[in-house]
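Let me begin by presenting the structure, written as structure tokens, before commenting on it.
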Amino acid sequence: MQDYQQTINTLAPNQMQQARQQMHIQSILFTELHRWMNKWGLGAGFERTCTFSCRFVRAHLANPTPNQQALLNTLLADSLQTKDITSSLRQQVVAMLSGMFTPGDWQVTFIRSPTTPRTTQISDKAFY
């Protein structure tokens with residue numbers, strides 16, 4: 001915890017603002033990821049699968065595409081004006097999340113979750 005505190009204390013004000021925005025975006029994205037994945041019926045494998053998925057999202061956010069960055073900017077601006085994101089924006093976020101994952105990400109996510117049945121099929125309905 002002291003390392004974290006030392007790191008925070010060394011940030012310039014603009015870096016601190018950037019870190020806060022990044023954490024805010026991640027909070028929104030992880031909430032939507034959790035809601036989306038909850039529809040999949042993963043049972044006992046849900047938490048572990050969601051944890052791996054959050055790691056992949058965090059990794060992909062390090063280098064977002066221009067379209068993803070535009071949506072993230074919209075999401076941040078919208079979230080600062082309203083308490084909850086709109087339904088249409090939520091659908092865009094889910095579409096972005098589903099597009100973020102590579103086939104390898106999906107494979108690792110489900111292989112690393114031993115309590116998730118390997119035969120789990122994700123229908124198109126689960127995406128929205």
Side-chain angles (χ1 to χ4, degrees):
M1 188 66 156
Q2 288 180 345
D3 291 339
Y4 174 77
Q5 186 63 39
Q6 288 174 346
T7 301
I8 294 297
N9 289 338
T10 62
L11 293 177
N14 66 329
Q15 291 173 314
M16 182 65 86
Q17 178 66 19
Q18 227 174 7
R20 284 189 183 124
Q21 288 177 347
Q22 184 180 27
M23 294 303 295
H24 186 68
I25 288 288
Q26 286 182 19
S27 173
I28 294 167
L29 292 179
F30 294 161
T31 298
E32 293 309 315
L33 180 67
H34 191 275
R35 285 181 186 167
W36 177 45
M37 292 180 72
N38 201 30
K39 297 176 184 178
W40 300 356
L42 297 174
F46 173 78
E47 288 300 325
R48 190 169 179 158
T49 302
C50 198
T51 298
F52 279 107
S53 297
C54 286
R55 289 178 187 168
F56 285 120
V57 168
R58 191 174 284 121
H60 290 296
L61 286 175
N63 192 20
T65 66
N67 288 340
Q68 290 170 344
Q69 188 61 56
L71 180 58
L72 294 172
N73 292 341
T74 300
L75 183 61
L76 183 60
D78 189 63
S79 71
L80 295 176
Q81 294 179 3
T82 62
K83 185 173 180 161
D84 199 16
I85 64 174
T86 64
S87 178
S88 64
L89 190 54
R90 181 172 284 128
Q91 288 179 349
Q92 292 176 50
V93 168
V94 170
M96 181 188 73
L97 289 169
S98 68
M100 254 185 202
F101 290 97
T102 66
D105 294 345
W106 288 115
Q107 187 174 11
V108 168
T109 297
F110 285 101
I111 288 174
R112 295 246 176 119
S113 297
T115 56
T116 302
R118 294 196 193 279
T119 58
T120 298
Q121 297 295 317
I122 302 169
S123 70
D124 291 338
K125 293 177 189 171
F127 290 144
Y128 298 103

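Predicted model only: the values in this text are computed from it and were never measured.
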Phe101 and Trp36 aromatic ring geometry - parallel, tilted or perpendicular at 30°/60° bounds: tilted
Shortest non-hydrogen separation from Ser27 to Thr31 and the atoms involved: O-OG1, 2.8 Å
Whether over 12 other heavy atoms sit under 6.0 Å from Gln21 CD: yes
Validation row: Gln92, Leu75 side chains within 4.5 angstrom (heavy atoms): no
Nearest heavy atoms of Ser98 and Ala95, plus distance in Å: OG-O, 2.9 Å
Audit row: Asn73, Gln69, side chain to side chain donor-acceptor pair (under 3.5 Å) steps and yes/no: CA-CA 6 Å; Asn73 292 341; Gln69 188 61 56; 3.1 Å; yes
Between CD on residue Gln22 and CD on residue Gln15, distance to nearest 0.5 Å: 12.0 Å
Val93 vs Ile28, side chain to side chain contact (heavy atoms under 4.5 Å, CB included): CA-CA, chis, key distance, verdict: CA-CA 9 Å; Val93 168; Ile28 294 167; 5.6 Å; no
Test salt bridge (charged side-chain N to carboxylate O under 4.0 Å, His left out) applied to Arg35 - qualifying residues, sequence neighbours left out: Glu32
Heavy-atom closest contact (Met100 atom, Asp105 atom, distance): O-OD2, 3.9 Å
Leu71 side chain near Leu89 side chain, heavy-atom distance below 4.5 Å: yes
Nearest heavy atoms of Thr49 and Met37, plus distance in Å: CG2-CE, 3.3 Å
Sub-4.5 Å side-chain heavy-atom contact between Leu29 and Met96: yes
Shortest non-hydrogen separation from Ile25 to Leu72 and the atoms involved: CD1-O, 3.4 Å
Inter-residue atom distance Thr51.OG1 - Phe46.CZ, 0.5 Å rounding: 9.0 Å
